[in-house]
Amino acid sequence: MSDYLQMWKDLDMDVETHDMLCQVLPTAFGDTFLSMENRPESMGFYDFVVSEIHGIRPSEMIAAQKEGKKVVGTFCVYVPDEVINAAGALFSGLCGGSQFWVPGGEKYLPKNTCPLVKASLGARFDRTCPFFRIVDLIVGETTCDAKKKAYEILGEDVPMYIMDMPQMKRDIDIQKWADEIKAFAAKMEELTGNTITVDGLNDAIKTINAKRKALARIFDARKNADNIPISGLDALLIMQIAFFDDPARCAEMANKVADELEQRNKDGVSVFPAGTKRILLTGTPLAIPNWKLHHIIETSGAAVVCEEMCTGTRYFENLVEEDNATLDDAYMALSKRYMKNNCSCFTPNQGRIDDILRMAKEYNVDGIIDTNLKFCCLYDTERRNVEKAVNEAGIPFLGIETDYTDSDAEQLRTRIEAFVEMLG
Ligand code: BJ8
């Protein structure tokens, strides 16, 4: 990593502890990614971003702040990036995906809290993540109980704004979410001092839609039944970086990858041998740098060809209607699109099951693995319905619960190898 020491000091980070993280990440990345063969050349950009992960994008954000712009942190794919963009601010996903931050989170949260939430609080309170130090405001949302309570604790240390999310999908809920988005827009105007106009919001909608379309092209290329042009690991990395990269650059780089993958499909260039079993992974999000499950699956004779998760299809499927006549129309268009996401915090949540079955066909999968972060009660409970539907559809199913440690890696490998073998 280039020398960002002064920047980290200026952010009041604990640079000594942070050094330890900087030392382990390159090895983890090298072992997981750089050991793979025949990766798309266009992954070079993403490798570079990881090599500078706590430097390059944070320094861009700080430069923007020096020009008077604000940076907003988020934790959920229901928070509309379009509104932040239309207010002239930058956004960044903040979900923690490393065990490194978990012990820090456990100082504030019960141990039986999901690792994503614990890692996120640890990253902030341990002062070892620049993104958490840079943000001017963090936007939370009323999704799961763990997050709701964690936001109260986070709010003691950093300005917070909470969006009250409906948990059903009736017309009144869609209207309510449109109202919440409108209130959030007022908050963003107050934070930035900028007025959100209908033209500005329509432009932001187009910018984020372009990013969605580019990411969708990559996933479309993964649907090819006869070829696997990119590993699940590389596709996951692209998704993880999309959460904090500049949206226009994200679209540009994702389109470059998609061009290469489409060509690979034409030329029959695959990263796995013919006959490799195709897996759809569904469940809780895999925040950067959580690469554990993909790595185990893809070194156990199978390939992940689709992620039905927030770090996957939920992030880019469905576009927001463009060219809205009024701001209220635009807020409603946003609400309609975001309410198509199918998180387990909704009841009922048949939409997720429908998505899983649809994607199993679209991506030509041989089996489905449902992964659940330990102590996520929502996804854990929903597994029963997912498994029942998948069994009824005659698709092989494996349920997994895991965390960010490596303590269960061998046990997982044994189970996954057995599952892949069973797929024939
Ligand atoms: S839309 S999945 S990003 S809430 S894994 S913290 S649910 S205890 S991350 Fe999520 Fe939004 Fe839903 Fe997606 Fe809680 Fe479960 Fe932890 Fe979770």
Query raised in the report: Strictly by modelled atom types, are N265 and K223 linked by a side-chain donor-acceptor pair under 3.5 Å?
Result: no

Query raised in the report: How are the rings of F29 and F33 set to each other: parallel, tilted or perpendicular (split at 30° and 60°)?
Result: parallel

Query - Donor + acceptor pair across side chains of D179, Q175 (<3.5 Å) - result: yes

Query raised in the report: For residues Q65 and D136, is any side-chain donor paired with an opposing acceptor at under 3.5 Å?
Result: yes

Query raised in the report: Is E262 paired with R217 through a side-chain N to carboxylate O contact shorter than 4.0 Å?
Result: yes

**Report entry** No-hydrogen, no-angle side-chain donor-acceptor test under 3.5 Å, Y46 and Q240
**Finding:** no

Report task. Without swapping roles, check the side chain of K340 against the backbone of E317 for a donor-acceptor pair under 3.5 Å. Result -> no

**Report entry** Donor + acceptor pair across side chains of R264, N38 (<3.5 Å)
**Finding:** yes

Query - Modelled atom types, side-chain donor and acceptor of Q263 and D259, under 3.5 Å - result: no

Requested in this report: Please say whether more than 12 non-hydrogen atoms of neighbouring residues, nucleotides or ligands are located less than 6.0 Å from NZ in K148.
Outcome: yes

Query raised in the report: Will you find, in the side chains of D403 and T405, an N or O donor that is under 3.5 Å from an N or O acceptor?
Result: yes

Report task. Could you tell me whether the side chains of D164 and T142 share a donor-acceptor contact shorter than 3.5 Å? Result -> yes

Query raised in the report: Does E401 CD have over 12 foreign heavy atoms under 6.0 Å away?
Result: yes

Query raised in the report: When the ring planes of F244 and F131 are compared, do they come out parallel, tilted or perpendicular, using 30° and 60° as the limits?
Result: tilted

Query raised in the report: Side chains of E82 and Y338: do they bring a donor and an acceptor to under 3.5 Å?
Result: yes

Query raised in the report: Is a donor on one side and an acceptor on the other found under 3.5 Å between the side chain of R127 and the backbone of D12?
Result: yes

Query raised in the report: Does anything in residues 41-51 pair up under salt bridge (Lys or Arg N to Asp or Glu O under 4.0 Å), and if so which pairs, sequence neighbours excluded?
Result: R39-D47

Query raised in the report: Does K147 have any side chain to side chain contact (heavy atoms under 4.5 Å, CB included) partners at least two apart in sequence or in another chain, and if so, which?
Result: F75, C76, V117, E141, T143, C144, Y151

